[in-house]
Amino acid sequence: MRELAGHRGLKGDPTSEVVVHVLGCFSVSVNGSTVDLAPTAQRVLALLALDDRPRERELVAGTLWPDSSQTEAAASLRTALWRIRRRESHLIICDNRAIRLSPGTTVDLQMMATGVRELVNGEWSDTAGVDELLKLDLLPGWYDDWVIAERERARQLRLHGLEALARHQAAREKFTDALETALTAVRCDELRESAHRVVIEIHAAEGNLSEAVRHYANFAARLKAELNLDPSPRMVQLIESLMRRSHVPAMVTLP
C-alpha cells in the first residue's frame with residue numbers, strides 16, 4: 001500500500017496529544033479534553049484503533065455498514081469522516097484509498113498489548129496503568145460483528161497478561177495483589193485451567209497448601225460437572241507435587 005497523504009483541511013494542532021480508549025467505555029480525548037463524536041464517527045475511530053496500520057476505505061465501509069450496498073456504505077463512510085475532520089481534523093489521516101489514526105495517537109488497547117508482551121517475555125518495565133487496563137473488556141455494549149470477533153482476541157490477550165502479571169507479583173511476594181490478579185483471570189473464564197493453576201501456585205507460594213488443594217478440588221468438580229472433563233495431567237502433577245513436598249498424609253485423596 002502506498003504511503004498515506006497528509007492531513008486535509010487541518011484546523012487543529014497536529015502535535016496535540018490524542019488518546020483513544022476502546023477498553024471499557026469508548027472515548028477520545030485531545031489534550032485531556034473529551035471529544036464529543038457521533039456514533040458513526042465513534043465506530044470509525046474504534047475500528048482504526050484496533051491495530052496500527054492503514055485500512056482500505058472500501059474494507060472499512062464494508063465492515064461498518066455490512067448491510068448496505070457498496071455505494072451506500074462508501075457514502076456513509078464519507079459522512080462519518082467529514083464529521084470527524086470537522087470536529088477534530090487531526091484525529092485521522094486519509095486519502096482516496098486508505099484511512100488510519102494519526103501517527104502518535106495513544107490507544108489503550110495497544111498499550112495493554114505492549115505490556116502483556118513484556119510480561120510474558122519477562123521484560124516487565126512497570127508500565128503505568130497496564131494492570132488496570134487488564135481488567136477492562138473491549139467495547140462493552142457494542143454488538144457489531146467486527147467488535148465481537150476482536151473482543152475475543154482482546155480477551156485472550158488479557159487472560160495471558162493477567163496470568164503473567166499474577167506470577168510477576170507472586171515472585172516479588174506481593175501475594176495479595178497476585179491472588180487478586182489471578183482470581184480476576186478466573187472470573188474472566190471460570191473453566192480456564194491455566195488461570196486456576198496460577199491461583200494454586202500462589203496459594204502454595206504463600207504456604208497455604210490447604211487453600212491450594214481446596215481450589216483444585218473445586219475446579220476439578222466444576223470441570224467434571226459442566227464439561228465432563230478431568231484436569232489435565234499437568235494440573236494433577238502440580239497438585240501432587242505440592243502435596244509430596246509438604247508431606248501430606250497418603251489418606252488425602254484428590255478428585
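FYI, the numbering just counts along the sequence from 1. Source: prediction; values computed, not measured.
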query = Apart from L59 itself, what residues make up its hydrophobic cluster, given side-chain heavy atom links below 4.5 Å?
reply = none

ask   = Any side-chain donor paired with an acceptor under 3.5 Å for E193 and S232?
value = yes

task = Indicate the atoms forming the closest heavy-atom contact of V198 with A182, along with that distance.
result = CG1-CB, 3.9 Å

query = Taking the side chain from S69 and the backbone from E72, do they hold a donor-acceptor pair closer than 3.5 Å?
reply = yes

ask   = How about V186 and F219: do any of their side-chain heavy atoms sit closer than 4.5 Å?
value = no

message = Between R43 and D144, does any side-chain N to carboxylate O distance fall below 4.0 Å?
response = yes

request  = Say whether H168 and R172, considering side chains only, have a donor N or O and an acceptor N or O under 3.5 Å apart.
outcome  = yes

task = With rounding to the nearest 0.5 Å, note down the distance linking CD1 in I84 to OG1 in T40.
result = 7.5 Å

request  = Evaluate the side-chain contact (heavy atoms from CB on, under 4.5 Å) criterion for residues W82 and R86: first the C-alpha distance (whole Å), next the side-chain angles of each, then the deciding distance (0.1 Å), finally the verdict.
outcome  = CA-CA 6 Å; W82 174 80; R86 184 182 66 167; 3.2 Å; yes

message = So that I can tick it off, tell me whether R197 and E201 are bridged by a salt bridge, with the cut-off set at under 4.0 angstrom between side-chain N and carboxylate O.
response = no

request  = Hey, could you give me the CD/CD distance between E206 and E173, rounded to the nearest 0.5 Å?
outcome  = 9.5 Å

inquiry  = Working note: L23 + H21, criterion side-chain contact (heavy atoms from CB on, under 4.5 Å); need CA distance, chi angles, decisive distance, verdict.
reply    = CA-CA 6 Å; L23 298 174; H21 294 275; over 6 Å; no

query = Is any NZ, NE, NH1 or NH2 atom of the basic residue among E180 and K135 found under 4.0 Å from an Asp or Glu carboxylate oxygen of the other?
reply = no

inquiry  = Between R57 (side chain only) and A98 (backbone N and O only), is there a donor and an acceptor less than 3.5 Å apart?
reply    = no

request  = Please check if V199 and V213 belong to a single hydrophobic cluster, counting links between Ile, Leu, Val, Met, Phe, Trp and Tyr side chain heavy atoms closer than 4.5 Å.
outcome  = no

message = Hydrophobic cluster membership, with links at side-chain heavy-atom distances under 4.5 Å among I/L/V/M/F/W/Y: are V19 and V44 in one?
response = no

inquiry  = Within this structure, what is the CZ-CD1 distance for the pair F175 and I202, rounded to the nearest 0.5 Å?
reply    = 8.5 Å

query = How far apart are the C-alpha atoms of L209 and L242, what are their side-chain angles, what is the distance that settles it, and do they pass the side-chain contact (heavy atoms from CB on, under 4.5 Å) test?
reply = CA-CA 8 Å; L209 182 63; L242 292 175; 3.9 Å; yes

task = Kindly work out whether a path of hydrophobic side-chain contacts (I/L/V/M/F/W/Y, heavy atoms less than 4.5 Å apart) joins L109 to L159.
result = no

query = Roughly how far, to the nearest 0.5 Å, is the CD atom of Q42 from the CG atom of L47?
reply = 13.5 Å

query = Using a distance-only test with no angle check, is there a side-chain donor-acceptor pair under 3.5 angstrom linking H215 and H203?
reply = no

task = Using the rule that two of Ile, Leu, Val, Met, Phe, Trp, Tyr join whenever any of their side-chain heavy atoms come within less than 4.5 Å, decide whether L134 and L179 are in one cluster.
result = no

ask   = Is a donor on one side and an acceptor on the other found under 3.5 Å between the side chain of S241 and the backbone of Q237?
value = no

query = Is it the case that more than 12 heavy atoms not belonging to D52 sit under 6.0 Å from its CG atom?
reply = no

Polar side chain donor-acceptor pair, Q156 to R151, under 3.5 angstrom = no

note = Looking only at heavy atoms, the pair that brings P140 and G24 closest together is CD-O, 3.1 Å

query = Does S33 reach the main-chain N or O of S29 with its side chain, forming a donor-acceptor pair under 3.5 Å?
reply = no

ask   = Is any side-chain heavy atom of L138 less than 4.5 Å from a side-chain heavy atom of R155?
value = no

ask   = Do W146 and L64 have side-chain heavy atoms sitting under 4.5 Å apart?
value = yes

key: Greater than 12 external heavy atoms within 6.0 Å of K224's NZ   = yes

task = Verify, without hydrogens or angle tests, whether Q110 (side chain) and A49 (backbone) share a donor-acceptor contact under 3.5 angstrom.
result = yes

request  = Please answer whether the main-chain N or O of R117 pairs with a side-chain N or O of N121 as donor and acceptor at a distance below 3.5 Å.
outcome  = yes

query = Would you say the side chain of L91 lies within less than 4.5 Å of the side chain of V18, judging by non-hydrogen atoms?
reply = yes

query = Are V20 and L139 connected in a single hydrophobic cluster, I mean Ile/Leu/Val/Met/Phe/Trp/Tyr linked by side-chain heavy atoms less than 4.5 Å apart?
reply = yes

key: Side chain to side chain, V30 and H90, heavy atoms closer than 4.5 Å   = yes

inquiry  = I need the L223 CG to N218 CG distance, nearest 0.5 Å.
reply    = 12.5 Å

task = Walk me through it: do R187 and L183 pass the test side-chain contact (heavy atoms from CB on, under 4.5 Å)?
result = CA-CA 6 Å; R187 287 192 293 271; L183 289 174; 3.9 Å; yes

key: Inter-residue atom distance L37.CG - S27.OG, 0.5 Å rounding   = 10.0 Å

query = Can a salt bridge be assigned to the pair R192 and E163 using a cut-off of 4.0 Å between side-chain N and carboxylate O?
reply = yes

key: Non-hydrogen atoms of C94 and R85 that approach each other most closely   = SG-NH1, 3.1 Å

query = How about L77 and V60: do any of their side-chain heavy atoms sit closer than 4.5 Å?
reply = yes

Side chain to side chain, I239 and I200, heavy atoms closer than 4.5 Å = yes

message = Show the nearest heavy-atom pair for residues V116 and G161, with the distance to one decimal.
response = CG2-CA, 3.7 Å

key: Member of T181, D177, D131 meeting the side chain to side chain donor-acceptor pair (under 3.5 Å) criterion with Q169   = T181

query = Salt-bridged, R55 to D51, with N to O below 4.0 Å?
reply = yes

request  = Using modelled atom types only, decide if a donor and an acceptor are shared between the side chain of N208 and the backbone of S210 within a distance under 3.5 Å.
outcome  = no

ask   = Going by heavy atoms in the side chains, are L227 and R222 under 4.5 Å from each other?
value = no

Atom of A212, atom of A204 and distance for their closest heavy-atom approach = CB-N, 4.4 Å

ask   = Looking only at heavy atoms, what is the nearest atom pair of P231 and A220, with distance?
value = CG-CB, 3.7 Å

